[in-house]
Amino acid sequence: MQEKNSEKYYTTIGLEIHAELKTTTKMFCSCRNNPDETKPNTNICPVCMAHPGALPVINKKAVENVIRVGLAIGAEIADFSEFDRKNYFYPDIPKGYQISQYKYPIVKGGKLAGMDITRIHLEEDTANNKHLSGVGHPEIQDEYSLIDFNRAGVPLMELVTEAHTFETSEEAAKVASNFAKEYQLLLQYIDASEANMEKGEMRVEANVSVSPDKDKKWTAYVEVKNLNSFKSVEKAIKYEVERMIELFEEGKESEIVKETRGFDEAKQRTVSQRKKESSEDYRYFPDPDLPKMKLHEAFDLEKVKQELPELPMQKRVRYKNDFGIKDEDIEIYINDKELAKWFEEVANLLFSPPARGGVSEGRGGGSEKIKTASNYITSDYLGIKKFQPEARPLAATNFAELINLVTENKISSRATKDILAMIVIDDASPLKIATEKNLLQKNDEGELKGIVEKILAENQQVVATYKGGKENALMSLVGKIIKETNGSANPQVVIKLLKELIK
Ligand code: ZN
Ligand code: MN
């Protein structure tokens, strides 16, 4: 691949993302919408099997979910909307057309993760084709296909972004995969879709084009699909851009055609699947079996908006303002709702309310205790949990107690880590463990003085070295004293005493 040349080319990316909606029933019939159904062709009826005379009925919940997504991204909700027939012939589409939306999508505009959104429309999913050969049916020697209609007619929401131009393919790939990640989070937060990419509940397609001069000529758009992870989104875009540039450089620009290419995960390359139809080929027209929709009348949009849960962006801002923790920590909580809930419990226990008329040390800047708690959660606690299969959910009260002990200098950071490793397995009181195992730090100068004097007497040589100007010698004395107290002496207090006594 021609690394150097890629710097001379601009990359344009537009995304199309399909997401299966999490509804009880399908889009136009009362069949169950169950993505986990393992028995083929069980959730089917004359409507989703396209039997003659069967009539579709709009699933209002599905429409409402598209509206909720639209409101969450600050988009316009169309007043008038309708369904169209998208005609094409393929065995996974029993009617010979897919009910989709063409001119009048439910949602127009909006913004997310730095990309402008063109529209979001609603349609029905297709059946699943399984291409096999001999498996389970030895009498069939040749390759054959089976069709499972459980997915046919499941509500499918399609988001289309505007095309965005980038200086490099790396930047384009990063923005695209980040957008997909943010969109998945949003769908999960508002409970519109599980949006699991491996399960095909969210399918990302990228339209890619390159140009050496953005004001002049762009190559044809190539649609890249079969992107089963955020990593694949990035890799496929980078691969496709390099493939296009190589053809461009070799003067084979005419070989870059409007087509659909699938990303081959094993070979890490894109492969031509079919030449793309233009929208005229689909002969869209309004579906006469379905009523037109007046969305501003059918829904109380203000109420729908108010009932939206906290969105990822709002949660980021709240965590920053309320807890003052690091951005990296915030991202961990944004992506792990359970952990976030638990962290908030801990933070509420550690949060000290302002004294009457005083200013809170917590809200606004985030208290030191909460920051310390977050540090231990994101590094030590998650680290231990990862390698301890027997780890159990830890009571927020016990964890908060541990943080109180370390921030009030009652235990050392070493002891904190040790106790944490214990309570992750055996949820128990850290204070009780610290007392039993003699881990409470000795902060009392009177109590420590005798031990310091003893160590000084035993190590006259080291004292002399320190006096001779070797500052480091002091630390070796500190180490000996801490060892003498089984690790319970507070190093700060020990240093203070040593400096006082060596005069
Ligand atoms: Zn059905
Ligand atoms: Mn579609």
Side-chain angles (χ1 to χ4, degrees), residues 346-347 349-356 358-362 365-377 379-381 394-424 426-503:
V346 171
L349 289 165
L350 294 172
F351 169 65
S352 33
R356 194 179 291 271
V359 179
S360 146
E361 62 147 343
S367 82
E368 285 312 312
K369 280 191 178 182
I370 294 172
K371 285 186 203 170
T372 304
S374 189
N375 283 341
Y376 276 104
I377 292 170
S379 52
D380 304 87
Y381 179 53
L394 176 55
T397 45
N398 281 335
F399 187 78
E401 186 177 295
L402 181 70
I403 298 304
N404 274 326
L405 288 174
V406 66
T407 50
E408 287 162 16
N409 275 326
K410 288 180 181 144
I411 54 173
S412 67
S413 58
R414 178 69 257 161
T416 307
K417 286 173 199 230
D418 292 344
I419 295 173
L420 183 57
M422 289 179 230
I423 62 177
V424 164
D426 238 335
D427 199 2
S429 156
L431 180 59
K432 200 166 156 256
I433 295 173
T435 313
E436 278 168 13
K437 306 226 175 237
N438 212 7
L439 292 167
L440 286 175
Q441 286 202 121
K442 290 192 174 65
N443 298 318
D444 185 55
E445 293 189 18
E447 208 179 315
L448 286 168
K449 204 171 171 185
I451 302 165
V452 175
E453 279 167 341
K454 177 175 166 263
I455 296 293
L456 283 177
E458 286 169 10
N459 296 278
Q460 291 297 334
Q461 190 54 47
V462 186
V463 175
T465 314
Y466 173 69
K467 280 183 170 169
K470 281 237 187 282
E471 293 270 332
N472 283 344
L474 194 73
M475 290 325 287
S476 104
L477 291 170
V478 172
K480 287 185 202 307
I481 293 159
I482 288 176
K483 201 171 166 212
E484 182 77 18
T485 61
N486 288 323
S488 65
N490 181 340
Q492 256 64 49
V493 179
V494 171
I495 291 172
K496 182 169 170 276
L497 283 170
L498 276 171
K499 285 187 171 167
E500 277 170 16
L501 291 168
I502 308 174
K503 275 276 158 69

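These numbers come from a predicted model, not from an experiment.
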Minimal non-hydrogen separation, [X] against [Y], with atom names:
{"X": "L477", "Y": "I502", "result": "CD1-CD1, 4.2 Å"}
{"X": "L394", "Y": "I423", "result": "CD1-O, 3.6 Å"}
{"X": "N398", "Y": "S429", "result": "OD1-CA, 3.6 Å"}
{"X": "Y381", "Y": "L420", "result": "N-CD2, 3.9 Å"}
{"X": "V346", "Y": "A373", "result": "CG1-CB, 4.2 Å"}
{"X": "I482", "Y": "A489", "result": "CG1-O, 4.0 Å"}

When rounded to the nearest 0.5 angstrom, what is the spacing between [atom1] in [X] and [atom2] in [Y]?
{"X": "L439", "Y": "L431", "atom1": "CG", "atom2": "CG", "result": "11.0 Å"}
{"X": "I419", "Y": "I411", "atom1": "CD1", "atom2": "CD1", "result": "4.0 Å"}
{"X": "L456", "Y": "Y466", "atom1": "CG", "atom2": "OH", "result": "11.0 Å"}
{"X": "T485", "Y": "L448", "atom1": "OG1", "atom2": "CG", "result": "7.0 Å"}
{"X": "N438", "Y": "I433", "atom1": "CG", "atom2": "CD1", "result": "14.0 Å"}
{"X": "E458", "Y": "I455", "atom1": "CD", "atom2": "CD1", "result": "5.0 Å"}

_Criterion salt bridge (charged side-chain N to carboxylate O under 4.0 Å, His left out) on E408 and K369, from CA distance to verdict_ = CA-CA 9 Å; E408 287 162 16; K369 280 191 178 182; 2.7 Å; yes
*Apply side chain to side chain contact (heavy atoms under 4.5 Å, CB included) to T372 and Y376, showing your working.*
CA-CA 6 Å; T372 304; Y376 276 104; 3.7 Å; yes
When you measure from the side chain of [X] to the backbone N and O of [Y], does any donor-acceptor pair fall under 3.5 Å?
{"X": "S379", "Y": "N375", "answer": "yes"}
{"X": "N490", "Y": "Q492", "answer": "yes"}
{"X": "D426", "Y": "M422", "answer": "no"}

*For V462 and L474, run side chain to side chain contact (heavy atoms under 4.5 Å, CB included): C-alpha distance rounded to whole Å, both residues' side-chain angles, the deciding distance at 0.1 Å, then the answer.*
CA-CA 8 Å; V462 186; L474 194 73; over 6 Å; no
*Take E401 and T397 through the side chain to side chain contact (heavy atoms under 4.5 Å, CB included) test and state the conclusion after the steps.*
CA-CA 6 Å; E401 186 177 295; T397 45; over 6 Å; no
*Please test T465 against N472 for side chain to side chain contact (heavy atoms under 4.5 Å, CB included), starting from the C-alpha separation and ending with a verdict.*
CA-CA 9 Å; T465 314; N472 283 344; over 6 Å; no
*Please step through salt bridge (charged side-chain N to carboxylate O under 4.0 Å, His left out) for the pair E445 and K449, ending with a clear verdict.*
CA-CA 6 Å; E445 293 189 18; K449 204 171 171 185; over 6 Å; no
*Donor-acceptor pair between T407 and E368 side chains, under 3.5 angstrom*: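 No, no side-chain donor-acceptor contact under 3.5 Å.
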*Any salt bridge (charged side-chain N to carboxylate O under 4.0 Å, His left out) involving residues 466-493? Give me the pairs, sequence neighbours left out, ordered by first then second residue.*
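Residue pairs passing salt bridge (charged side-chain N to carboxylate O under 4.0 Å, His left out), neighbours aside: K454-E484.
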*Just do the side-chain hydrogen bond (donor to acceptor under 3.5 Å, both in side chains) check on K442 and S488 with the steps written out, would you?*
CA-CA 6 Å; K442 290 192 174 65; S488 65; 3.1 Å; yes
*asked:* According to side-chain hydrogen bond (donor to acceptor under 3.5 Å, both in side chains), who are the partners of E436, at least two apart in sequence or on a separate chain?
replied: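 Residues passing side-chain hydrogen bond (donor to acceptor under 3.5 Å, both in side chains) with E436: none at all.
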*Kindly indicate whether the side chain of T416, heavy atoms from C-beta on, has any atom under 4.5 Å from the side chain of L402.*
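Side chain of T416 against side chain of L402, heavy atoms only: contact under 4.5 Å found.
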*asked:* Does Q461 have more than 12 heavy atoms from other residues, nucleotides or ligands lying within 6.0 Å of its CD?
replied: no
